[in-house]
Amino acid sequence: MKIAIINGPNLNLTGKREPEIYGTQSFDQLYQELELHFPKVNFSYFQSNVEGELIDELQQKGFSYDGIILNAGAYTHTSIALADTIKAIKTPVIEVHLSNLLSRESLRHLSLTGVYCAGTIMGLGMRGYVLAVTYFVQQQKNVS
Ligand code: DQA
């Protein structure tokens with residue numbers, strides 16, 4: 001099974017950026033953990049600070065992958081273009097946020113992208129990515 005992890009702006013700084021909000025673990029560490037815990041899953045990882053590049057990656061993976069885990073960072077709250085892409089592709093998308101958006105500033109309460117996602121996991125730090133992978137793996141077991 002193929003799962004793509006796509007991270008948006010500033011998530012390359014995770015581990016160094018506002019650790020009291022986003023934690024101290026880097027995505028490199030998380031990625032290694034995922035590969036270890038889910039040896040049968042074929043992962044791809046992409047991060048960009050550029051909106052159009054995130055759209056390109058969603059389009060590229062969105063017709064052949066089994067699941068996409070997306071943390072669009074601040075584009076979550078602003079990008080109708082990313083929301084349209086999630087709606088257009090075939091692969092189900094789970095939105096993950098490290099922080100609990102609902103307990104933060106009101107400008108983060110709205111998710112435009114989440115409208116078209118299969119589900120959203122927020123506030124559980126890096127564990128959210130592990131839970132999203134677990135969901136896709138179990139879903140596949142249920143249908144096969
Ligand atoms: C974030 C939450 C967003 O509001 C913020 O702009 C981010 C990270 C999260 O993972 O908690 O960059 O997506």
Side-chain angles (χ1 to χ4, degrees), residues 1-140:
M1 116 172 268
K2 293 197 286 186
I3 296 180
I5 300 173
I6 302 177
N7 276 341
N10 299 309
L11 288 156
N12 53 317
L13 297 181
T14 306
K16 298 187 237 175
R17 166 199 189 200
E18 299 174 272
E20 65 290 354
I21 298 176
Y22 299 116
T24 52
Q25 195 182 10
S26 70
F27 271 100
D28 284 352
Q29 289 166 327
L30 171 80
Y31 198 70
Q32 281 172 18
E33 247 179 61
L34 289 176
E35 288 191 312
L36 206 72
H37 288 313
F38 300 97
K40 289 188 185 149
V41 176
N42 186 351
F43 288 105
S44 77
Y45 177 64
F46 180 81
Q47 188 279 328
S48 175
N49 296 323
V50 180
E51 187 177 15
E53 289 182 1
L54 296 168
I55 291 170
D56 287 345
E57 183 70 8
L58 282 165
Q59 288 186 2
Q60 208 190 321
K61 298 292 191 291
F63 294 90
S64 55
Y65 271 58
D66 302 295
I68 293 175
I69 299 169
L70 173 69
N71 183 346
Y75 288 136
T76 303
H77 319 297
T78 61
S79 179
I80 297 172
L82 267 174
D84 279 350
T85 311
I86 295 165
K87 189 165 185 249
I89 61 180
K90 290 266 175 283
T91 301
V93 177
I94 295 183
E95 176 159 301
V96 169
H97 295 286
L98 298 168
S99 62
N100 181 356
L101 302 180
L102 300 177
S103 67
R104 299 186 63 192
E105 311 95 300
S106 57
L107 58 89
R108 294 181 205 278
H109 292 181
L110 176 67
S111 170
L112 298 179
T113 47
V115 173
Y116 300 113
C117 288
T120 300
I121 299 169
M122 64 166 88
L124 305 179
M126 290 291 196
R127 189 65 55 87
Y129 290 83
V130 180
L131 293 170
V133 174
T134 305
Y135 171 82
F136 281 130
V137 168
Q138 288 182 351
Q139 273 299 101
Q140 207 195 38

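The model shown is predicted, which means the values in this text are computed figures rather than measured ones. First listed ligand is number 1; within each ligand, the first listed atom is number 1.
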K.L.:
Is the closest heavy-atom distance from T76 to ligand 1 below 4.0 Å?
P.N.:
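Heavy atoms of T76 never come under 4.0 Å of ligand 1.
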K.L.:
Students should be able to answer this: which protein heavy-atom is nearest to atom 2 (C) of ligand 1, and at what distance?
P.N.:
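Result for atom 2 (C) of ligand 1: L101 CD2, 3.5 Å.
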K.L.:
Tell me, which protein residue and heavy-atom name are nearest atom 11 (O) of ligand 1, and how many Å apart are they?
P.N.:
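Answer for atom 11 (O) of ligand 1: S99 OG, 2.6 Å.
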K.L.:
Would you say F43 has more than 12 foreign heavy atoms packed within less than 6.0 Å of its CZ?
P.N.:
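Buried by this count: over 12 neighbours within 6.0 Å.
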K.L.:
Would you say R17 touches ligand 1, if touching means a heavy atom closer than 4.0 Å?
P.N.:
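Yes.
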K.L.:
Between A81 and T85, which heavy-atom pair has the shortest distance, and what is it?
P.N.:
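Between these two residues, the closest heavy atoms are O-OG1, 2.9 Å.
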K.L.:
Would you check whether H77 has a nitrogen or oxygen atom less than 3.5 angstrom from a nitrogen or oxygen atom of ligand 1?
P.N.:
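N/O-N/O distance below 3.5 Å exists for this pair.
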K.L.:
For atom 9 (C) of ligand 1, grab the closest protein heavy atom and report residue, atom and distance to one decimal in Å.
P.N.:
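Of the protein heavy atoms, L98 N, 3.4 Å lies nearest.
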K.L.:
If you have a sec, work out which protein heavy atom is nearest atom 1 (C) of ligand 1 and how many Å separate them, to one decimal?
P.N.:
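For atom 1 (C) of ligand 1, the nearest protein heavy atom is H97 ND1, 3.7 Å.
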K.L.:
For Q47 versus L11, what's the shortest heavy-atom pair and its separation?
P.N.:
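The answer is NE2-N, 4.1 Å.
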K.L.:
How far is atom 5 (C) of ligand 1 from its nearest protein heavy atom, and which residue and atom is that?
P.N.:
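In this structure, atom 5 (C) of ligand 1 has R108 NH1, 3.4 Å as its nearest protein heavy atom.
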K.L.:
Quick one: do the S48 and E57 side chains pair a donor with an acceptor below 3.5 Å?
P.N.:
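Judged by distance alone, the side chains do not pair up.
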K.L.:
Is it true that, when you exclude R108 itself, more than 12 heavy atoms of the residues, nucleotides or ligands shown sit nearer than 6.0 Å to its CZ?
P.N.:
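Atom CZ in R108 is packed in, count exceeds 12.
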